[in-house]
Structure formats: structure tokens, C-alpha cells
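Structure, as C-alpha cells:
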Amino acid sequence: MDQADAAERAEFEKHCAQYPELVAERKAFEEALENLLLQNAVVPPRQVKDGFLEAIQNPSINQSKVITMEQHSNTPARKNGGLRFMAAASVVLLLVSAWFAYDFYNQATTLRESTKISGQG
């Protein structure tokens with residue numbers, strides 16, 4: 001079941017060559033595992049099986065058309081430079097406006113505190 005590394009597999013194969021009962025046990029284990037898997041197998045719906053068999057028997061029915069994505073010489077290539085510039089400018093504008101909002105908030109808080117102190121004294 002591919003759970004052992006290469007060294008472990010080599011050691012197991014070496015032991016199998018020496019001990020024939022180990023080979024018999026491995027075969028019995030594999031058969032028991034196969035029987036268990038067959039008992040718990042999920043049967044696909046009939047329409048899936050029929051569709052699969054139809055696709056195998058008539059391959060021309062399900063052939064898809066391939067559409068190439070090459071650019072033609074008369075179609076100009078689309079550039080994303082302007083879109084990237086606008087996205088970068090939007091991020092910069094967002095950061096600058098957030099800094100100004102934070103700065104104005106601090107100034108307003110400082111002004112309120114200074115008017116409270118001067119008004120009490």
C-alpha cells in the first residue's frame with residue numbers, strides 16, 4: 001500500500017525470498033483487503049455506466065472542438081499597464097487619505113483638550 005520506504009521494501013522482499021510462508025501471508029492479506037474493498041464498493045448509477053460505455057464505443061460523438069488562443073495580426077494586443085497603474089494609484093490614494101484622516105483626528109482631539117483646559121482656568 002506504499003506505506004514503506006525503499007529500504008523497508010527491499011528488506012521485506014529479502015525476507016520474502018528467505019521465508020515462503022511470508023509470501024503466503026502477504027498474498028492472503030492482499031486477497032482479504034481486496035474482498036473487503038469489493039464488499040464496500042459503491043455501485044455507480046446506471047446512467048453513468050451507460051454514458052461511459054457509449055463514450056468508449058462511439059468516440060466521435062464526444063470529440064470536443066479545440067479553439068486556439070493565438071492572437072491574430074489584425075487584433076491589437078490588450079495591455080494591462082493602465083489598469084495596474086490605476087490600481088496602484090488607488091492604493092496610494094487610500095493610504096494618503098487614511099493618514100490625513102488620522103492626522104486631522106489627532107489635531108481635533110488636541111484642540112478639544114486645549115479648549116477644555118483653557119476654558120476651566
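Both backbone and side-chain heavy atoms feed into the values below; hydrogens, waters and symmetry mates do not. No experiment lies behind these values; they were computed from the predicted model shown.
Here Val23 sits alone; no ILVMFWY side chain lies under 4.5 Å from its own, so it joins no hydrophobic cluster.
For the side-chain contact (heavy atoms from CB on, under 4.5 Å) test, no residue two or more places apart in sequence or in another chain qualifies with Pro20. Here Thr110 pairs with nothing under the side-chain contact (heavy atoms from CB on, under 4.5 Å) rule; sequence neighbours left out. For Arg46, the salt bridge (Lys or Arg N to Asp or Glu O under 4.0 Å) partners two or more places apart in sequence, or in a different chain, are Asp50. Shown here are the side chain to side chain donor-acceptor pair (under 3.5 Å) partners of Arg9, two or more places apart in sequence or in another chain: there are none.
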Donor-acceptor list for residues 32-43 side chains, cut-off 3.5 Å, not counting sequence neighbours:
{"unit_1": "Asn35", "atom_1": "ND2", "unit_2": "Glu31", "atom_2": "O", "d": "3.3"}
{"unit_1": "Asn40", "atom_1": "ND2", "unit_2": "Leu36", "atom_2": "O", "d": "3.3"}

Expected list for residues 81-103: side-chain donor-acceptor pairs under 3.5 angstrom, two or more places apart:
{"unit_1": "Ser90", "atom_1": "OG", "unit_2": "Met86", "atom_2": "O", "d": "2.8"}
{"unit_1": "Ser97", "atom_1": "OG", "unit_2": "Leu93", "atom_2": "O", "d": "3.0"}
{"unit_1": "Ser97", "atom_1": "OG", "unit_2": "Leu94", "atom_2": "O", "d": "2.9"}
{"unit_1": "Asp103", "atom_1": "OD2", "unit_2": "Gln107", "atom_2": "NE2", "d": "3.3"}

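Within 6.0 Å of CZ on Phe52 lie no more than 12 heavy atoms contributed by other residues, nucleotides or ligands.
A salt bridge (Lys or Arg N to Asp or Glu O under 4.0 Å) check over residues 10-26, counting only residues at least two apart or in different chains, returns the pairs Glu13-Arg26.
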